[in-house]
Structure formats: C-alpha cells, structure tokens
Novice: 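Have a look at this one before I ask anything.
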Amino acid sequence: MLGEPMILLSPGFGPVLLSFVPPGDLFSLALLNKKWTAALLYGPSSQADAEQSPEEAVVRKILRSANRKSALWTLCESVSGNSLAVLLRLALQKAQMEKIRTLDVALETAACALLELDLPHHERIPKELWPSRVRPTPPDTPHEVLVKGVLFEKFMRAFFELCARLNANETYRAWRGSDFVDAFRVYVVEELRRRPSGFSDLGERFCKEIYDDYLAVYEHWEGGYIHWGKIPWRRSAIEWFKLVLGQSTADAFGFTTVEIDRVDREIRDVHADAMELFVSRIPIGIPVSHWWFNSRGGSWVRNH
C-alpha cells in the first residue's frame, strides 16, 4: 500500500496511525508519507517541534490537523496532558466514536458550548444585575451580563442532551467512561481548582430563572403557566450536572441544596395551583425521577 512502508519504519507509530487513517485512502497515506519524509530529512519546522523527535512532531501535526475543527478534540487535548501516547489513544477513540453519528454530534455540541462559555475568563456577575428572562431587559444592561446567562443555558441544554444520549441504550452507555466524556469533568474541576468560588453565580442564576422568572408567570387567557415547557429539561439538566460532575462541583457552581430545594418547592406549588401541566413523553435516556415527584399520590405533571 502506498505510504505504508515509510510509516512502518518509525517504530511504535505505524500500527496505531494505520488504525485511524482509512486504509483505502491512498491520497491520505501518500500525503502522510510525504510529511513524514520531510520531517526526517529537514527536521522540525518550529521551536516547539524542535524539542521532539521529527517523527513525534509530524504525528502531532497530523493529529491536530485532522481534528482542527473539533471542539471535542480541543477540549480533550487541553486536559489530557501532552503525552503522544494519550493523543494517539484519543485519535483511535475518536475514529471509532465518529461512526456513531448522533453521539459524535452530541459530544461536539456540548464541548463547543463549554468552550464558548470561556470559564478561564469568567467574571462573577452580581445578582442585582441579572436580567429577567420574561420581562423587558433594561437598555443599559451590559452585554456581558446578557450573554453569560445565555451561554450557560446553552451549555446546560447541550449537556442535558449529551447525558440523555449516553443513557439511551447499551451502545451509547459503553462510552460513558471514555476519555471524551471524562474531559468535561476534568476541565470543569481544573477551572474550579484555579478559582474555587468563581462560578457560583452561574448555577444560582440558572435556578433563579426557573423559580423567579418562568414559574412566576401565569396568563389566565393564554393557558396558565405558559413557560412550564421550559422547566422539565432544566430540572433534569441540574440532576445530570450533579451526577456526572459531582456534588461538590455542583455546589461550587451554585447548584446547592438550598437553591435546588427552592426550585422544587416552586414546582410543587405550581403543580398544586395548576389544573394541568402538559409535557410530552419523557425523552429517551432521561430517568423518570429527574422531574417526576410523587407527592400524596400525584406527580408534577400529567404525561401525555
């Protein structure tokens, strides 16, 4: 096969590289052979590469080039260290995972949302500046105040969808312990290590939007609690956050027992007050317990 002999001349890399470069793609193998030969003949092209062997430098370039558009790869590479063996293992996993299209999309979407949230540069926003999600926003509200809440909600929604996917069936559940899933936890925990109390406003604001904004609106002529449909996935997302990232991380992000109890108390009050709260079927992969609360023989919603 074109390109294969040169690859196999580099001990330890040949079989792994060939496992994720499609064997039938002669052009890719020829290009790989060309890059490898250039590295061996002319040496590294940058100071960073100069600290590595030419073979190692070109493998890293190939891996990064192949995944340069992947937010998931960026996330994993940022938390997995700089070991070439780790990068090769990630490349092999990613090639396997990409065959499961829906899971790949869910992981990419969640990784993109987490990176877009930009935790390393997050600045706490005082509670008095949090805008309402259901009332007009004052025109002088700073852009950062508006954007940060939206970005965190976007991440929570993507994380909710990812966790549901990972719990949907045996094929997806097999990936729950993968490096890619673990990267979310490691990334968040590492940011918390740098700033232990820097993110509590995110979860507190998310909870406040449930009990002070969405559940506070009742329109008699428009169907009652018109924002109820926004509640179930948010409550479930909080449970996934606690389960996957850990209770201590949830506390640090503002999803404390006090905040969650208030959310649940408001949901119970709405249930007691409302004639009927409609929710479509529970999505596949979401435990019933995430938003079904049996109280005096009833439940938060009637399932239709």
Side-chain angles (χ1 to χ4, degrees), residues 70-73 75-76 79 90 93-117 150-189 202-203 206-207 209-210 214-215 227-250 253 255 259-260 263-264 267-268 271 277-295 298-304:
S70 169
L72 183 59
W73 180 269
L75 179 65
C76 278
V79 302
L90 288 174
Q93 282 191 16
K94 193 168 188 305
Q96 295 169 340
M97 185 191 67
E98 286 174 353
K99 298 175 183 178
I100 311 174
R101 179 62 181 163
T102 52
L103 178 58
D104 182 41
V105 170
L107 278 161
E108 281 289 346
T109 302
C112 184
L114 180 56
L115 293 174
E116 192 177 1
L117 189 57
V150 172
L151 290 179
F152 188 65
E153 179 179 306
K154 180 179 177 182
F155 165 68
M156 291 294 285
R157 180 74 196 205
F159 195 64
F160 162 79
E161 299 284 358
L162 170 61
C163 292
R165 181 69 60 184
L166 287 166
N167 200 44
N169 58 46
E170 289 301 322
T171 299
Y172 296 130
R173 281 194 286 271
W175 284 90
R176 288 190 294 194
S178 71
D179 292 297
F180 292 106
V181 174
D182 193 49
F184 288 89
R185 181 188 61 79
V186 177
Y187 177 86
V188 171
V189 168
L202 293 172
F206 189 82
C207 290
E209 289 171 350
I210 294 176
Y214 296 128
L215 292 181
H227 295 294
W228 169 255
K230 300 180 176 73
I231 304 306
W233 81 257
R234 284 173 169 78
R235 184 62 184 87
S236 183
I238 294 172
E239 288 301 305
W240 282 126
F241 195 99
K242 290 163 50 183
L243 178 65
V244 177
L245 301 181
Q247 184 60 61
S248 61
T249 298
F253 269 75
F255 292 124
E259 284 295 317
I260 295 173
V263 168
D264 290 347
I267 291 176
R268 293 190 189 98
H271 174 258
L277 297 169
F278 291 92
V279 167
S280 58
R281 289 186 308 168
I282 301 175
I284 295 175
I286 300 298
V288 173
S289 60
H290 274 201
W291 66 56
W292 238 246
F293 182 83
N294 291 323
S295 176
S299 66
W300 285 353
V301 300
R302 296 186 184 181
N303 191 28
H304 293 270

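Nothing fancy with the numbering, it's 1 onward along the sequence.
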Novice: List in chain and number order the residues that pass ring pair (Phe, Tyr, Trp, His ring centres under 6.0 Å) with Phe155, two or more places apart in sequence or in another chain; answer none if no residue qualifies.
Specialist: Phe159

Novice: Residues in side chain to side chain contact (heavy atoms under 4.5 Å, CB included) with Leu115, at least two apart?
Specialist: Ala71, Thr74, Leu75, Tyr187

Novice: Show every side-chain hydrogen bond (donor to acceptor under 3.5 Å, both in side chains) that has at least one partner inside residues 104-115, sequence neighbours left out.
Specialist: Ser70-Glu108

Novice: Sequence neighbours excluded, which residues qualify as salt bridge (Lys or Arg N to Asp or Glu O under 4.0 Å) partners of Glu259?
Specialist: none

Novice: In chain order, what residues pass the side chain to side chain contact (heavy atoms under 4.5 Å, CB included) check against Lys242, with sequence neighbours excluded?
Specialist: Ile238, Glu239, Gln247, Ala250, Ile260

Novice: Could you tell me which residues satisfy side chain to side chain contact (heavy atoms under 4.5 Å, CB included) with Gln96, sequence neighbours excluded, listed by chain and number?
Specialist: Leu92, Trp175

Novice: Measuring only between side-chain heavy atoms, which start at C-beta, is Leu162 closer than 4.5 Å to Trp240?
Specialist: no

Novice: Who pairs with Leu151 by side chain to side chain contact (heavy atoms under 4.5 Å, CB included), at least two apart in sequence or on another chain?
Specialist: Glu116, Leu117, Val147

Novice: Measure the spacing between CZ of Phe206 and CZ of Phe253 and express it to the nearest 0.5 Å.
Specialist: 13.0 Å

Novice: Can you tell me how far apart CD1 (Ile284) and CG (Asn167) are? Round to the nearest 0.5 Å.
Specialist: 11.0 Å

Novice: Between Glu209 and Lys230, is there a side-chain heavy-atom distance shorter than 4.5 Å?
Specialist: no

Novice: Return the set of residues passing side-chain hydrogen bond (donor to acceptor under 3.5 Å, both in side chains) with Asn169 (not counting sequence neighbours), or none when no residue passes.
Specialist: none

Novice: Checking Tyr214 now: which residues fulfil ring pair (Phe, Tyr, Trp, His ring centres under 6.0 Å) with it, not counting sequence neighbours?
Specialist: His227

Novice: Can you name the salt bridge (Lys or Arg N to Asp or Glu O under 4.0 Å) partners of Arg165, sequence neighbours left out?
Specialist: none

Novice: Please enumerate all residues that pass salt bridge (Lys or Arg N to Asp or Glu O under 4.0 Å) together with Arg176, with sequence neighbours excluded.
Specialist: none

Novice: Using the side-chain hydrogen bond (donor to acceptor under 3.5 Å, both in side chains) criterion, which residues pair with Ser248? Sequence neighbours excluded.
Specialist: none

Novice: Once you round to the nearest 0.5 Å, how far does CH2 of Trp73 lie from CG of Leu90?
Specialist: 5.0 Å

